[in-house]
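Below: one structure, written as structure tokens.
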There are 2 protein chains.
Amino acid sequence: MSLTAKELLTKKGVKMTSQRLVITEYLMQTLEHPTADEILAGVAEMLPVPLSRATVYNTLNTLVDAGVIREVLTEPGRTRYDANTFEHHHFVDVKSGKIIDIPQEMLPDIEKALGDKFKVHSYTVTFYGDLEDDKK
Amino acid sequence: MSLTAKELLTKKGVKMTSQRLVITEYLMQTLEHPTADEILAGVAEMLPVPLSRATVYNTLNTLVDAGVIREVLTEPGRTRYDANTFEHHHFVDVKSGKIIDIPQEMLPDIEKALGDKFKVHSYTVTFYGDLEDDKK
DNA sequence: TCTGTATTTAGACTAAATCTAGAATGAGTA
DNA sequence: TACTCATTCTAGATTTAGTCTAAATACAGA
Ligand SMILES: [Mn+2]
Ligand SMILES: [Mn+2]
Ligand SMILES: [Zn+2]
Ligand SMILES: [Zn+2]
């Protein structure tokens, strides 16, 4: 049983606003990894008031800082956002650009591989390749 | 015995120009992972002619496409460049921002972990954490 | 040398992200 | 309820990374 957006914001100590709520809900209901502009286009109509670009970026940064969502860097120049906060990694299908979540359990544990000299807080693995047809 | 920049460009089939040569040499002699602007600042004085921003970006894209250098994405919004073409990964010291190369041999092999459904062409691992003092 | 193609240049342009200053919101309190 | 004050949101300006354009230059091959 997973948390609702509302419960998640409460749990993470983020003050609720309708803008934060719809953006969080939008990210929670998609498996895509949308950009700020895609999020703006996707949620603007859910609100009774105009939604500005600055608010989208402010909100995304607030949510990232609070640990509600994550930034995903797979290509130069465009930050993508992800409401999947389980430890996971990404596979980029180079033909379609589709980004697929790879649960951490699918990979061997590399958390400790670097030894004592590096205190690893987090790590991300990004795979690039072809997604075979039957998986699409 | 490693290749010179000149030999590398020849081997990779990139037509030689003085701009390509100094940019390649600049990247080969540093362990940093500089941005385009840092590269522009670092090489401009090596050339007898003015160097334009467009040439830096054109050259970097040409070198990436030819496999002479790699793009490194560790933070939103800024592409970094790397002349280390051995298979390797990166550790970002979150305090200093320093980016350190991690040879692939330091990690367990995750090339095959995804199974048949994903044909992995390449992958990158980025670690974020603290570099312990005695390693600095 | 001549000629065509690739490269470089300066500066305009585009797009991602941030900043600013004022307006709106809204929780806490009288 | 009405007031206060901090926070958030807004529109638009600004900054910055990166691309594009058109003209000048370099340079390889005939
Ligand atoms: Mn950010
Ligand atoms: Mn590129
Ligand atoms: Zn994801
Ligand atoms: Zn590197």
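Here is how names work: the chains are called A, B, and so on, in the same order as the sequence lines, proteins then strands, and each is numbered from 1.
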Distance check needed: [N] [atom2] versus [X] [atom1], whole Å only.
X	N	atom1	atom2	result
B/E75	C/dT18	CD	C1'	15 Å
B/E38	D/dT16	CD	P	14 Å
A/L40	C/dA15	CG	P	15 Å
B/N61	C/dT7	CG	P	13 Å
B/L63	C/dT7	CG	P	11 Å
B/Y81	D/dA17	OH	P	12 Å
B/L21	C/dT7	CG	P	15 Å
A/R20	C/dG26	CZ	C1'	13 Å

Just N and O in the side chain of [X]: are any of them under 4.0 Å from OP1 or OP2 of [N]?
X	N	result
A/T17	D/dT7	no
B/Q19	D/dA26	no
A/T79	C/dA17	yes

Identify the heavy atoms of [X] and [Y] that sit nearest to each other, and give their distance.
X	Y	value
B/A36	B/L60	CB-CD1, 3.9 Å
B/V68	B/T85	O-CG2, 3.3 Å
A/V120	A/E111	O-OE2, 3.6 Å
B/R70	B/N84	CD-O, 3.6 Å
A/Y26	A/P34	CE2-CG, 4.0 Å

Categorize B/T35 for me: base, sugar-phosphate, or nothing, with a 4.0 angstrom heavy-atom threshold over every strand shown.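 If one applies the 4.0 Å heavy-atom cut-off, B/T35 turns out to touch nothing in the nucleic acid.
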Atom CG of residue position A/L31 - does it have more than 12 heavy atoms of other residues, nucleotides or ligands inside 6.0 Å?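 Counting neighbours around CG of A/L31, 12 or fewer heavy atoms of other residues, nucleotides or ligands fall under 6.0 Å, so no.
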A/E32, CD: over 12 other non-hydrogen atoms inside 6.0 angstrom: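 For A/E32, atom CD is not crowded (no more than 12 foreign heavy atoms under 6.0 Å).
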Nearest heavy atom decides the nucleotide; on that basis, is B/G77 or B/M16 closer to the 5' end of DNA chain D?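 Here B/G77 is the residue nearer the 5' end.
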Pairwise 5' ranking along DNA chain D for B/R78 and B/N58, keeping only the more 5' one: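 By nearest-heavy-atom nucleotide position, the 5'-most residue is B/R78.
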Please list residues of residues 41-57 of chain B whose heavy atoms come under 4.0 Å from any atom in DNA chain C, ordered by number; otherwise none.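 Within this stretch, B/V49, B/P50, B/L51, B/S52, B/A54, B/T55 sit under 4.0 Å of the strand.
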